[in-house]
Every structure is written in structure tokens, then in C-alpha cells.
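Just follow the structure's listing: the first ligand is 1, and inside any ligand the first atom is 1. Values in this document were obtained by computation on a predicted structure and should not be read as measured data. Values below: all heavy atoms of this structure, side chains included; hydrogens, waters and symmetry mates excluded.
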Amino acid sequence: MEQKIRTFKRRTMLYIPGNNPAMLQQGSVYGADGVLLDLEDAVALNQKDAARILVSHMLQYVSYEGCEVTVRVNHIDTPFGEEDLKQIVPLQPDAIRLPKVETIDEISRIIQLVEDIENAHELPHDKMKIHVMIETALGVQNVYDIANYSSRIDAISIGGQDLAADMQLVKTNDGIGIDYARKQIVMAAKACKIDVFDTVYVDVENEEGLREEAEYIKKLGFTGKAIINPRQIEIVNEVFTPTEKEIRKAAKIVKAFERNKKEGIGVFAVDGKMVDAPVVQRALRVLEMADIDVADI
Ligand SMILES: CC(=O)SCCNC(=O)CCNC(=O)[C@H](O)C(C)(C)COP(=O)(O)OP(=O)(O)OC[C@H]1O[C@@H](n2cnc3c(N)ncnc32)[C@H](O)[C@@H]1OP(=O)(O)O
Ligand SMILES: O=C([O-])CC(=O)C(=O)O
Ligand SMILES: [Mg+2]
């Protein structure tokens with residue numbers, strides 16, 4: 001199967017309310033890997049049209065250089081979803097994020113509409129990526145089929161706040177209620193070879209809690225995490241950036257692999273631990289995340 005996992009970093013995606021000009025203007029200066037310009041739940045119903053206009057202007061006139069720019073539109077079946085797509089798709093942000101997708105029928109209708117709009121503007125179909133949010137129990141049940149529906153979908157994410165509401169849970173900081181969904185969503189993403197983002201951590205003042213959650217979701221296999229405040233960037237970026245120790249170990253493994261390969265040896269030991277192809281693959285990923293070229297080690 002074609003490898004769709006991105007090679008660039010997607011550790012932190014900063015949500016910015018689409019009706020807040022100051023935040024929208026400054027969004028890329030804080031060091032997040034991406035910005036999520038939000039037309040959906042950060043925007044009150046009576047601000048939806050104003051936010052759409054503002055975000056359209058920002059996409060045209062603000063430089064988000066160095067940041068991946070994603071716009072979260074409203075659900076297709078709300079009074080705002082179709083108009084969001086009509087105004088945003090022609091501007092071709094790096095990606096659009098589709099909230100609360102539950103079925104293949106929905107994703108197929110949305111992608112059809114996106115491509116109709118692109119056709120009308122003589123735009124290609126392979127430039128703007130699509131990110132799908134899974135935020136309901138039904139979405140979790142259908143996640144693999146949704147994620148696998150189109151090669152334009154290059155990431156899926158869990159919306160923990162909405163999922164907790166749909167599941168009628170009291171959401172706790174330990175995330176127990178959404179743990180099954182997190183794992184199911186990660187597995188679907190890995191099966192489709194696409195990226196997978198974790199949900200926001202709403203307790204902005206709780207830095208230790210955020211670090212713990214980021215460390216946990218990294219272990220589960222998430223690519224990165226949506227965040228809501230600039231103060232959360234450094235912590236999550238740090239968790240998702242390999243440490244010096246991890247880099248040294250990975251370099252040692254890759255170097256040993258290269259040496260052994262020449263002699264036809266596929267399995268060997270480094271510091272008393274067995275190394276074979278999957279271990280080398282993981283070491284290469286560590287170097288990639290640390291921006292280290294294998295040729296330079
Ligand atoms: C369940 C969901 O759908 S989540 C996704 C939708 N939610 C959002 O988009 C919320 C985004 N975040 C925010 O609105 C805010 O960070 C809040 C409400 C969570 C906290 O607000 P505050 O306590 O006022 O933030 P704080 O005091 O840390 O702000 C410090 C600075 O960072 C800026 N800032 C805060 N959040 C953001 C953000 N998300 N994007 C860009 N800038 C931001 C503020 O404008 C402020 O700038 P200034 O110093 O130049 O005035
Ligand atoms: O986690 C996110 O991306 C925010 C969200 O929409 C949710 O939690 O419901
Ligand atoms: Mg949500």
C-alpha cells in the first residue's frame with residue numbers, strides 16, 4: 001500500500017477562533033507546527049458569517065509561513081457547512097478539517113462537493129488535504145471505512161469533548177472514557193497509513209496534566225495533538241521531539257545496521273538488545289522526527 005504518513009512535523013496544531021482578528025493575525029508566531037482556523041465550535045452561531053469572511057481574508061493576506069494552515073469548517077448538514085466550503089475551498093488552505101463525520105455517506109457527499117467547487121475554479125484535486133474528525137460513537141464504529149474512503153484524507157483526529165458528550169460521559173483528566181476510541185482511531189489511521197491527532201486538553205493552567213496526556217498519547221501512536229493555547233505548544237512539542245539520548249541510540253542502531261548489512265547480517269545486538277528490521281525502522285523515524293539526515297550520522 002502507498003505510504004501516506006507525512007514526513008514533516010505535525011506535533012502541535014493550534015486552534016484559533018475564526019472570529020478573533022488579533023489571534024488569527026498572530027497565530028503562527030508562537031511556534032506551533034500548524035494552525036487550525038476554526039469556523040466551527042469556537043464561533044458562536046451569530047458570528048458564523050463574520051468568521052467565514054474574516055478567515056477568508058486572513059488566508060489571502062496573512063502569511064502563516066512555516067505553519068501548516070488548516071480550516072475547520074462546519075458540518076455539511078448545518079446551515080453553514082456548504083457556504084464554508086464554497087468560500088474556503090477556492091482559497092486552498094493546506095487542509096480542511098471536517099468535524100463530526102460519522103458515515104461514508106457523509107464523507108462521500110463532502111468530498112464530492114469539495115471537488116465540484118474545485119472543478120468550478122479549475123483547481124486540482126490533489127493539493128488541499130482533508131482531515132476528518134471522529135467525535136461520536138457512530139463515527140468511532142465507522143472510522144476505518146471513513147479514513148480509507150479517499151486518498152485525499154491524510155489525517156484523522158479524535159474530538160474528545162464532543163465524543164464525551166455523545167457518550168454521555170463526565171470527561172475526566174485521565175481520559176478513561178475515551179480511551180477505547182483513541183486506540184480504535186489510532187489503529188484505523190495506521191491501517192490507512194495516515195496521520196492521527198489527539199484531542200485538545202482544556203485545562204490550560206495544568207501544565208503537568210498536559211505533559212502526562214501528551215506522553216500517553218505519544219505512546220499510543222498519535223502523530224501530534226490539537227491545542228487551544230500558545231502556552232501548550234512548548235510542552236507538546238517537547239514531548240514529541242526525540243531526546244538527545246533517543247537520538248544517540250537511534251543513530252547507533254542505524255549505523256550498526258548499515259555496517260552489518262554489507263556483511264549480509266540482518267539481526268544483531270546493540271548494547272545487549274536485539275536489532276532487526278522493525279527496530280531499524282523505528283530508529284529511522286526517531287532521526288526523521290529530530291530532523292537528522294541519515295547521511296549525516
Ligand atoms: C472543543 C473544541 O472545539 S476546542 C477548539 C475551539 N476552541 C478554541 O479555538 C479556543 C482557543 N483558545 C482560546 O480562545 C483561549 O486560549 C482560551 C479561551 C482557552 C484561554 O484564553 P486566555 O486565558 O485569555 O488566554 P491567555 O491569557 O493565555 O492568552 C495569552 C495570549 O495568547 C493569545 N492566545 C490565546 N489563545 C490563543 C489561540 N488559540 N490562538 C492564538 N492566540 C491565542 C491571546 O490573544 C493573548 O495574546 P496577547 O498577550 O497578545 O493579548
Ligand atoms: O479535540 C478537538 O479537536 C476539539 C473538538 O472539537 C472536540 O474535542 O470535540
Ligand atoms: Mg468537537
Side-chain angles (χ1 to χ4, degrees), residues 10-45 47-48 51 54-55 58 62 64 67-78 80-81 84 95-102 131-140 143 155-173 175 177-179 181-182 185-186 189 195-207 209-210 213-214 217 220 222-236:
R10 281 171 153 180
R11 299 164 300 181
T12 39
M13 275 73 53
L14 176 64
Y15 271 113
I16 309 180
N19 61 336
N20 187 317
M23 285 190 190
L24 287 167
Q25 203 135 24
Q26 302 195 92
S28 63
V29 304
Y30 299 108
D33 292 331
V35 286
L36 296 173
L37 314 186
D38 193 19
L39 301 177
E40 203 223 10
D41 282 350
V43 177
L45 289 183
Q47 294 282 305
K48 292 286 187 191
L54 184 59
V55 166
M58 293 291 170
V62 172
Y64 290 104
C67 256
E68 182 174 25
V69 179
T70 301
V71 178
R72 181 165 77 167
V73 294
N74 287 283
H75 191 278
I76 187 84
D77 294 333
T78 67
F80 317 105
D84 286 351
I96 49 168
R97 179 177 263 239
L98 307 174
K100 301 181 182 74
V101 177
E102 296 194 293
H131 297 180
V132 175
M133 296 190 72
I134 302 296
E135 311 191 73
T136 61
L138 182 56
V140 174
V143 59
I156 53 177
S157 65
I158 174 169
Q161 298 301 315
D162 275 302
L163 182 60
D166 190 55
M167 292 173 71
Q168 300 179 321
L169 291 177
V170 175
K171 191 169 176 293
T172 48
N173 268 356
I178 62 166
D179 202 50
R182 273 187 166 133
I185 289 167
V186 167
D195 284 342
V196 55
F197 304 129
D198 190 41
T199 187
V200 296
Y201 189 78
V202 293
D203 192 356
V204 177
E205 305 294 330
N206 185 353
E207 298 191 349
L210 173 65
E213 181 164 286
I217 59 117
L220 289 186
F222 280 95
T223 313
K225 188 169 177 63
I227 52 169
I228 50 170
N229 188 278
R231 280 179 281 153
Q232 298 183 316
I233 295 171
E234 202 180 320
I235 293 170
V236 178

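- Within the 4.0 Å cut-off (strictly below), a protein heavy atom is located near atom 16 (O) of ligand 1.
- When all heavy atoms of S28 and C67 are compared, the pair lying nearest together is CB-SG, 3.7 Å.
- At the Mg ion (ligand 3), the vertex angle linking OD2 of D162 with OE1 of E135 is 100° (nearest 10 degrees).
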Legend entry - Intermediate values then yes/no, side-chain contact (heavy atoms from CB on, under 4.5 Å), I178 and K171: CA-CA 8 Å; I178 62 166; K171 191 169 176 293; 4.0 Å; yes
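- Between the choices Q161, K171, H131, the shortest heavy-atom distance to atom 8 (O) of ligand 2 belongs to Q161.
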Inset, instruction - Go through the steps to decide whether L24 and Y64 satisfy the test side-chain contact (heavy atoms from CB on, under 4.5 Å), and finish with yes or no. - result: CA-CA 10 Å; L24 287 167; Y64 290 104; 4.0 Å; yes
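- At a heavy-atom distance under 4.0 Å, only side-chain atoms of R97, from C-beta outward, approach ligand 2.
- Here R97 does not pair with E40 in a salt bridge; the nearest charged N to carboxylate O distance is not below 4.0 Å.
- In terms of N/O distances under 3.5 Å, ligand 2 is not approached by L163.
- Within the 4.0 Å heavy-atom cutoff, S157 does not count among the residues contacting ligand 2.
- If you check which protein heavy atom lies closest to atom 12 (N) of ligand 1, you get I228 O, 2.7 Å.
- Within the structure, the closest approach of L36 to ligand 2 does not fall below 4.0 Å when heavy atoms are considered.
- Near N229, the atoms of ligand 1 lying under 4.0 angstrom from a non-hydrogen atom of the residue are 16 (O), 20 (C), 25 (O), 26 (P), 28 (O), 35 (C), 36 (N).
- Within ligand 2, counting atoms from 1 as listed, the ones closer than 4.0 Å to a heavy atom of M133 are 2 (C), 3 (O), 5 (C), 6 (O).
- The minimum heavy-atom distance between V140 and I134, with the atom names listed, is N-CG2, 3.5 Å.
- To the nearest 0.5 Å, atoms NE2 (H75) and CD (E102) are separated by 6.5 Å.
- Side chain of T223 to backbone of V196: a donor-acceptor contact under 3.5 angstrom is found.
- Counting only heavy atoms from C-beta outward, the side chains of Q232 and T12 never approach each other to under 4.5 Å.
- Salt-bridge annotation for D33 and R10: absent, with no side-chain N of the basic residue lying under 4.0 Å from a carboxylate O of the acidic one.
- Side chain of D84 to backbone of N74: a donor-acceptor contact under 3.5 angstrom is found.
- Counting heavy atoms from C-beta outward, D203 and L210 have side chains that stay 4.5 Å or more apart.
- If you look at Y15 next to ligand 2, the close heavy atoms, those under 4.0 Å, all belong to the side chain.
- Shown in contact with G160 at under 4.0 Å from a heavy atom are these atoms of ligand 2, numbered in order with element: 7 (C), 8 (O).
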Legend entry - side-chain contact (heavy atoms from CB on, under 4.5 Å) between F80 and L39, intermediate numbers included: CA-CA 9 Å; F80 317 105; L39 301 177; over 6 Å; no
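- Near D38, the atoms of ligand 1 lying under 4.0 angstrom from a non-hydrogen atom of the residue are 6 (C).
- Annotation: the span from I16 atom CD1 to Y30 atom OH amounts to 8.5 Å, rounded to 0.5 Å.
- Annotation: the span from M13 atom CE to D198 atom CG amounts to 9.0 Å, rounded to 0.5 Å.
- Of the protein's non-hydrogen atoms, R72 NH1, 2.7 Å is the one closest to atom 6 (O) of ligand 2.
- In this structure, atom 49 (O) of ligand 1 is not in close contact with the protein, since no protein heavy atom lies within 4.0 Å of it.
- Looking only at heavy atoms of the protein, atom 44 (C) of ligand 1 is closest to M23 CE, 4.2 Å.
- Within the 4.0 Å heavy-atom criterion, neither part of D198 lies near ligand 2.
- Partner of Y201 under the side chain to side chain contact (heavy atoms under 4.5 Å, CB included) criterion, out of N173, I228, I227: N173 alone.
- Which parts of ligand 2 touch T199 is read off a 4.0 Å heavy-atom cut-off, strictly below it: atoms 1 (O), 2 (C), 8 (O).
- Considering backbone and side-chain N/O of V200, none are found under 3.5 Å from N/O of ligand 1.
- Here the side chains of L36 and H131 are not in contact, with every heavy-atom distance at 4.5 Å or above.
- Judged by the shortest distance from any of its heavy atoms, A22 lies outside the 4.0 Å radius around the atoms of ligand 1.
- Taking a distance limit of 4.0 Å, we find that atom 46 (C) of ligand 1 is approached by no protein heavy atom.
- Residue contacts with ligand 1 leave out E40, since none of its heavy atoms falls under 4.0 Å from the ligand.
- Contacts of N20 with ligand 1, taken as heavy-atom pairs under 4.0 Å, are absent altogether.
- Near Q26, meaning under 4.0 Å from one of its heavy atoms, ligand 1 places the atoms 50 (O).
- For the pair K225 (side chain) and T199 (backbone), a donor-acceptor distance under 3.5 Å is present.
- Here atom 6 (C) of ligand 1 lies nearest to A42 when heavy atoms of A42, P17, G18, A165 are compared.
- Proximity of atom 30 (C) of ligand 1 to the protein is not indicated, since no non-hydrogen protein atom lies closer than 4.0 angstrom.
- Using a 4.0 Å cut-off to heavy atoms of Q161, the atoms of ligand 1 that qualify are 1 (C).
- Considering CG of L220 and CD1 of I185, their distance stands at 11.0 Å, rounded to 0.5 Å.
- For atom 2 (C) of ligand 1, the nearest protein heavy atom (residue, atom name, distance) is R72 NH2, 4.0 Å.
- Every atom of ligand 2 is numbered from 1 in the order shown, and the set under 4.0 Å from a heavy atom of I158 is 1 (O).
- Using a 4.5 Å cut-off on side-chain heavy atoms (C-beta onward), V73 and L98 make contact.
- At the shortest separation from atom 33 (C) of ligand 1 among protein heavy atoms lies Y30 OH, 3.7 Å.
- Residue contact annotation: P230 has a non-hydrogen atom under 4.0 Å from ligand 1.
- Using a 4.0 Å cut-off to heavy atoms of R231, the atoms of ligand 1 that qualify are 26 (P), 28 (O).
- Of the protein's non-hydrogen atoms, the one nearest atom 39 (N) of ligand 1 is Y15 O, 2.7 Å.
- Counting only distance, with no hydrogens or angles, the side chain of E135 and the backbone of K100 share a donor-acceptor pair below 3.5 Å.
- For atom 9 (O) of ligand 1, the nearest protein heavy atom lies closer than 4.0 Å.
- The shortest separation from a heavy atom of D41 to ligand 2 is not under 4.0 Å, leaving the residue out of contact.
- Residue contacts with ligand 2, taken as heavy atom pairs separated by less than 4.0 Å, do not involve E40 at all.
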